[in-house]
K.L.:
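Quick one: this structure, given as structure tokens, is what I'll be asking you about.
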There are 2 protein chains.
Amino acid sequence: MPKGTFFNLPDEKRERITEAAIDEFAEYSYEGASITRIVDNANIAKGSFYQYFEDKKDLFKHIIDIIGEKKLMYMTRLLKDFEKLDFFQAFREMYAAGIKFAKDNPRLSKIGNSLIKGADVKLMQEVLGEAIPKSNEFIKGMLLRGIQRGEIAPEIDADIVAYMLTELSISISEYFIKEMKAEDDMEILELADKMIFVIENGIKKR
Amino acid sequence: MPKGTFFNLPDEKRERITEAAIDEFAEYSYEGASITRIVDNANIAKGSFYQYFEDKKDLFKHIIDIIGEKKLMYMTRLLKDFEKLDFFQAFREMYAAGIKFAKDNPRLSKIGNSLIKGADVKLMQEVLGEAIPKSNEFIKGMLLRGIQRGEIAPEIDADIVAYMLTELSISISEYFIKEMKAEDDMEILELADKMIFVIENGIKKR
DNA sequence: CCGTCATATGACTTAATAGTCATATGACGG
DNA sequence: CCGTCATATGACTATTAAGTCATATGACGG
């Protein structure tokens, strides 16, 4: 967690620092990010940085927290009437929300993805804590509920499929960031639908 | 490409260097890898390294070449009677070969995956060249052939599905490296079959 | 036995990094 | 107007990195 001084800062300055950090981590990932470049771009002194943060990891965790909060905002609306939807509707909504997040926040999305996909498993666990296992469990729960409701073929392996769905949700936002030039939502939602079409046929009960 | 001197080296020394480099890149990825550690572990002088290689990237490309050659060996046997197999058989064989490669060569697999998943797209293109697009085209070709043969539902989007299959093949070898303790082939092939089950239902013609 | 030439060496240079610290500033209460 | 205290600063340290280079070695042909 950042030190108290960081939160005492005038909003403008705090945001300048946050922006510079997001730029840096999005471009260079955690390892490659340079504190010196961040303070230069934020126009603060090196020493000031260490008045606000313990160290590089402290800053990074803070940025990851911001990402988590923002992503949650995209999901909460959806979580309210989650019970009403069948699995495939809910799943489509989840993907759509994830895609919208990636579209609106490409830098944040990039930081998150490169953390998850990165080689440094230790860093990931330290920074994300239980978020990944939890989200996997959540999807698995969705699948099991779908099976109980008779929407999903009971012979699937819920663990494997949950893993596949997580991986594909990451790759879809990556695909978006890499390929799409952010012109319109339509194209990317079509893309998601095409993926979901395959998944749906793959796991639905007949 | 390494300099001539590298290939003039006695086999034992050349292998010592190669091994040290593989260890290093597997543990730290390209960015984090240290030439100093490599030369220390290989027991050669820093200066000698630069008699053999232009620079760090030159070494890395060489290691990637080795990976490519080795992976090709796992695939060639299979490529011979590729025409005889239907799509799902061929696909299963491909996954199985990929898994076997990852099992036999976890360090090489790790290097390859972290390159592909890494943030540095420029590096990837420079080092892998056309390998990724080509492999994507190859899978797409398989899919289109499957459609012509009436094995695969014609309404799928071959581009998207090819992309999904590539992503999943990477995540399966990652899953293997992370989760499995390399005890037996069986478990991981079962895992692959469970994935393929979903994909097969997802895209086969009814 | 000598001279040559490919190879081997590690101290060195340059540049970048994260993090520190003595000092300066400036706002605000008394 | 002064003293205090949180904050601001950038030169500095210490470490590590990639890459260089003058010099040493040693094998081999004449």
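Throughout, protein chains are lettered first and strands after them, A, B, ... in sequence-line order, and every chain is numbered starting at 1. Only a predicted model underlies this, so the values are computations on that prediction, with no experimental measurement involved.
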K.L.:
Take atom CD in B/Glu130; do more than 12 heavy atoms of anything else shown fall under 6.0 Å from it?
P.N.:
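No, the 6.0 Å shell around CD holds no more than 12 heavy atoms from other groups.
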K.L.:
Expressed as a whole number of angstroms, how long is the span from A/Ile35:CD1 to D/dG10:P?
P.N.:
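Distance, rounded to whole Å: 17 Å.
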K.L.:
Find every protein N or O atom lying less than 3.5 Å from an N or O atom of nucleotides 23-26 of chain D, and list the pairs.
P.N.:
none

K.L.:
Backbone N or O of A/Phe87 within a donor-acceptor pair of the A/Glu151 side chain at under 3.5 Å?
P.N.:
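Checking the backbone N and O of A/Phe87 against the side chain of A/Glu151, a donor-acceptor pair under 3.5 Å is found.
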K.L.:
Does OP1 or OP2 of D/dA17 have a side-chain N or O of B/Arg37 closer than 4.0 Å?
P.N.:
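Yes, such a contact exists.
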K.L.:
Base, sugar-phosphate, or nothing: which does B/Lys13 touch, judged by heavy atoms less than 4.0 Å apart?
P.N.:
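It contacts sugar-phosphate atoms only.
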K.L.:
Quickly work out the B/Asn8 CG to C/dC5 P distance and round it to whole Å.
P.N.:
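After rounding, the reported distance stands at 17 Å.
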K.L.:
Using a 4.5 Å cut-off on heavy atoms from C-beta on, say whether the side chain of A/Gln89 contacts that of A/Lys84.
P.N.:
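Side-chain contact under 4.5 Å: no.
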K.L.:
Check A/Asn113 against A/Ser173 and note the closest heavy-atom contact, atom names and distance.
P.N.:
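Taking every non-hydrogen atom into account, ND2-OG, 2.9 Å.
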K.L.:
Do B/Phe49 and B/Asp55 have side-chain heavy atoms sitting under 4.5 Å apart?
P.N.:
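The answer is no; the side chains never approach within 4.5 Å.
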K.L.:
Rounded to the nearest Å, what distance is computed from the NZ atom of residue A/Lys46 to the C1' atom of nucleotide C/dT17?
P.N.:
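About 7 Å, once rounded to whole Å.
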K.L.:
Enumerate the residues from residues 47-65 of chain A whose closest heavy atom to DNA chain C is under 4.0 Å, giving them by residue number; use none for an empty result.
P.N.:
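The stretch gives A/Gly47, A/Tyr50, A/Asp55, A/Lys56 as the residues lying under 4.0 Å from the strand, ordered by number.
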K.L.:
Just jot down the side-chain hydrogen bond (donor to acceptor under 3.5 Å, both in side chains) partners of B/Asp23, sequence neighbours excluded, or say none.
P.N.:
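Checked B/Asp23 against side-chain hydrogen bond (donor to acceptor under 3.5 Å, both in side chains); matches are B/Arg107.
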K.L.:
Using the ring pair (Phe, Tyr, Trp, His ring centres under 6.0 Å) criterion, which residues pair with A/Tyr52? Sequence neighbours excluded.
P.N.:
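Counting only residues at least two positions away or on another chain, A/Tyr52 forms no ring pair (Phe, Tyr, Trp, His ring centres under 6.0 Å).
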K.L.:
Sequence neighbours left out, cut at 3.5 Å: what donor-acceptor pairs do the side chains of residues 26-34 of chain B make with other protein atoms?
P.N.:
| from | atom 1 | to | atom 2 | distance (Å) |
| --- | --- | --- | --- | --- |
| B/Ser34 | OG | B/Thr36 | N | 3.2 |
| B/Ser34 | OG | B/Arg37 | N | 3.0 |

K.L.:
Tell me if the NZ atom of A/Lys134 is crowded by more than 12 foreign heavy atoms within 6.0 Å.
P.N.:
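Not buried by this count: 12 neighbours or fewer within 6.0 Å.
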K.L.:
Taking only the side-chain nitrogens and oxygens of B/Ser34, find out if one of them lies under 4.0 Å from OP1 or OP2 of D/dT16.
P.N.:
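For D/dT16, OP1/OP2 do not have a side-chain N/O of B/Ser34 under 4.0 Å.
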K.L.:
Hey, is the main chain of A/Ala162 close enough, under 3.5 Å, to the side chain of A/Thr166 for a donor-acceptor pair?
P.N.:
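Judged by distance alone, yes, a pair lies under 3.5 Å.
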K.L.:
For the residue pair B/Asp104 / B/Tyr74, report whether a side-chain donor-acceptor contact shorter than 3.5 Å exists.
P.N.:
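A donor-acceptor contact under 3.5 Å links the two side chains.
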K.L.:
Name the stems that DNA chain D belongs to, where each is three or more consecutive Watson-Crick or G-U pairs with both distances under 3.5 Å?
P.N.:
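Runs of three or more consecutive pairs: C:1-30 with D:1-30.
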